[in-house]
Amino acid sequence: MYTKLIDSHIHFDLYTPEEQKQIIKSMDKFQIDCLITVSENLESAKSNLALSNTYNFIHPAFGFHPEQTLPSEKEIAQLTEFILANEHEMIAIGEVGLPYYLRQETNLEQEKYIDLLEHFIMLAKRTRKPIILHAVYEDAPIVCSLLEKHSIVKAHFHWFKGEDKMIERMLSNGYFISVTPDIVYKPKIQHIVMQYPLEQLMVETDGPWPFSGPFENKQTHPKMMHESVKMIASLKQIDKTAVYQQLYKNTRDFYVL
């Protein structure tokens, strides 16, 4: 028996139209209440806005994913104009952050990415919307400092990975994190969830990103979050129904759904 869940971070526009239809058709069966779909760039934001105009259970966030080449000044201006023109349709600024993985492969100018992130943080403050962040390992303290600089309280660190010291700082600031299905088979993610109170947790898929373990060679679907809930309940030794209810409440309250 399933209980209601919200996918707090999915790239729904990156699924094919047929895959989107299949997921939408099965949402009731798997008790998926709604999807918060994040954007990669301007075109992605436009796609997510169109999806939200078609389906009232899809809530779009607009931003620029950091794990790619920096946009031009013109592209930043166009995306900013789009965000401000559609701020009432937007549930959050996102996905934005710093390029941790790209930095491992290339020599990039981190400062320019930091400047771009600060631009989005100021947009979040201007529009009074939450911000959805891609900020892991040693990038997290930089991002935290920027959020603190602009007095941002509604910050959602998706698929967070980092040290206990960073977790303490994030907790003291009231920031939320979300976990993907890899909590089922990754001890490091399980450790983070043990440190983080249930009241500041959400679940996500980050779909169509693929997963390993029991999800090997399976298309990423929001139904996988039910396995995440089981693991959270087991780790925290809390009744599964209570975990479902708290995660659902957390996400609805955070995003004012």
Side-chain angles (χ1 to χ4, degrees), residues 1-15 19-38 48 51-52 55 57-61 91-92 94-95 130 132-134 136 156-161 176-255 257:
M1 189 70 178
Y2 298 114
T3 304
K4 281 194 294 188
L5 281 177
I6 296 168
D7 192 335
S8 68
H9 189 103
I10 185 170
H11 297 262
F12 201 57
D13 63 304
L14 297 186
Y15 288 87
E19 289 168 343
Q20 290 172 356
K21 286 177 189 173
Q22 288 171 354
I23 290 172
I24 288 165
K25 191 176 178 181
S26 65
M27 282 176 63
D28 282 348
K29 177 183 176 182
F30 294 108
Q31 288 282 288
I32 307 303
D33 193 51
C34 55
L35 309 174
I36 294 171
T37 182
V38 295
N48 282 320
L51 284 164
S52 73
Y55 304 103
F57 50 81
I58 290 178
H59 305 287
I91 201 164
E95 172 176 1
I132 304 170
L133 296 153
H134 173 94
V136 297
H156 169 190
F157 286 70
H158 104 94
W159 204 344
F160 176 74
K161 307 166 192 76
F176 280 64
I177 65 168
S178 56
V179 294
T180 69
D182 76 345
I183 187 177
V184 173
Y185 58 91
K186 283 202 171 175
K188 285 185 179 179
I189 304 299
Q190 293 168 4
H191 173 77
I192 289 169
V193 165
M194 289 294 289
Q195 312 307 308
Y196 235 83
L198 183 61
E199 291 73 21
Q200 283 171 256
L201 273 178
M202 293 184 266
V203 284
E204 60 157 302
T205 58
D206 201 27
W209 185 269
F211 292 95
S212 302
F215 313 111
E216 190 79 43
N217 299 320
K218 293 181 181 178
Q219 183 195 79
T220 298
H221 187 291
K223 67 182 179 182
M224 292 176 176
M225 295 186 298
H226 292 292
E227 297 304 316
S228 302
V229 174
K230 284 183 195 174
M231 180 55 73
I232 293 169
S234 173
L235 290 168
K236 292 187 171 292
Q237 297 187 311
I238 299 172
D239 176 70
K240 191 171 69 173
T241 301
V243 173
Y244 268 112
Q245 290 171 346
Q246 188 65 53
L247 291 170
Y248 184 74
K249 182 181 187 299
N250 293 348
T251 315
R252 286 198 70 88
D253 290 352
F254 185 88
Y255 285 108
L257 291 167

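The structure presented is a predicted model; accordingly, all values stated were derived computationally and were not measured.
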Would you please test H226 and I32 for side chain to side chain contact (heavy atoms under 4.5 Å, CB included) and show each step?
CA-CA 10 Å; H226 292 292; I32 307 303; 4.1 Å; yes
Does the side chain of [X] reach to within under 4.5 Å of the side chain of [Y], using non-hydrogen atoms?
{"X": "R252", "Y": "D33", "value": "yes"}
{"X": "F57", "Y": "M27", "value": "yes"}
{"X": "S26", "Y": "K223", "value": "no"}
{"X": "T220", "Y": "F211", "value": "yes"}

side-chain hydrogen bond (donor to acceptor under 3.5 Å, both in side chains) involving [X] - partner list, sequence neighbours excluded:
{"X": "Y15", "value": "none"}
{"X": "D206", "value": "H9, H11"}
{"X": "K218", "value": "none"}
{"X": "N250", "value": "Q246"}

Qualifying residues under salt bridge (Lys or Arg N to Asp or Glu O under 4.0 Å), relative to D13, sequence neighbours excluded
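D13 satisfies salt bridge (Lys or Arg N to Asp or Glu O under 4.0 Å) with no residue once adjacent residues are dropped.
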Could I get the full list of salt bridge (Lys or Arg N to Asp or Glu O under 4.0 Å) partners for K249, not counting sequence neighbours?
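With sequence neighbours excluded, K249 shows a salt bridge (Lys or Arg N to Asp or Glu O under 4.0 Å) to D253, given in chain and number order.
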Separation of [Y] [atom2] from [X] [atom1] (nearest 0.5 Å):
{"X": "Q219", "Y": "M224", "atom1": "CD", "atom2": "CE", "result": "8.0 Å"}
{"X": "Q20", "Y": "L35", "atom1": "CD", "atom2": "CG", "result": "10.0 Å"}
{"X": "E19", "Y": "F12", "atom1": "CD", "atom2": "CZ", "result": "9.5 Å"}
{"X": "T37", "Y": "N48", "atom1": "OG1", "atom2": "CG", "result": "3.5 Å"}
{"X": "T205", "Y": "F215", "atom1": "OG1", "atom2": "CZ", "result": "11.0 Å"}

For T3, side-chain contact (heavy atoms from CB on, under 4.5 Å) partners two or more places apart:
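Partners of T3 by the side-chain contact (heavy atoms from CB on, under 4.5 Å) criterion, ordered by chain and then number, come out as Y244.
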Specify the closest pair of heavy atoms between [X] and [Y], including all atoms of both residues, with the distance to one decimal.
{"X": "Y255", "Y": "S8", "value": "OH-O, 4.4 Å"}
{"X": "E204", "Y": "S178", "value": "OE2-OG, 2.7 Å"}
{"X": "L257", "Y": "C34", "value": "CD1-SG, 4.0 Å"}
{"X": "V203", "Y": "S228", "value": "CG1-CB, 4.2 Å"}
{"X": "V136", "Y": "W159", "value": "CG1-O, 3.8 Å"}

Partners passing ring pair (Phe, Tyr, Trp, His ring centres under 6.0 Å) against F30 (at least two apart in sequence or in another chain)
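So F30 forms a ring pair (Phe, Tyr, Trp, His ring centres under 6.0 Å) with Y2, H221.
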Name of the residue among I23, I10, L14 meeting side chain to side chain contact (heavy atoms under 4.5 Å, CB included) with P208:
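So, applying the side chain to side chain contact (heavy atoms under 4.5 Å, CB included) to P208 and each of I23, I10, L14, only L14 qualifies.
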Run I36 and D7 through side chain to side chain contact (heavy atoms under 4.5 Å, CB included) and show every step you take.
CA-CA 6 Å; I36 294 171; D7 192 335; over 6 Å; no
Side chain to side chain donor-acceptor pair (under 3.5 Å) pairs touching residues 230-243, sequence neighbours excluded, are E227-K230
Could you check whether any side-chain N or O of Y185 sits under 3.5 Å from a backbone N or O of P214, counting only pairs where one atom can act as donor and the other as acceptor?
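Pair absent, no side-chain N/O of Y185 close to backbone of P214.
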Please tabulate, for the side chains in residues 187-198, all donor-acceptor contacts under 3.5 angstrom to protein atoms that are two or more places apart in sequence or on a different chain.
{"unit_1": "Q190", "atom_1": "NE2", "unit_2": "I183", "atom_2": "O", "d": "2.9"}
{"unit_1": "H191", "atom_1": "NE2", "unit_2": "D164", "atom_2": "OD1", "d": "2.9"}
{"unit_1": "H191", "atom_1": "NE2", "unit_2": "D164", "atom_2": "OD2", "d": "3.3"}
{"unit_1": "Q195", "atom_1": "NE2", "unit_2": "H191", "atom_2": "O", "d": "3.3"}
{"unit_1": "Y196", "atom_1": "OH", "unit_2": "Y175", "atom_2": "O", "d": "2.8"}

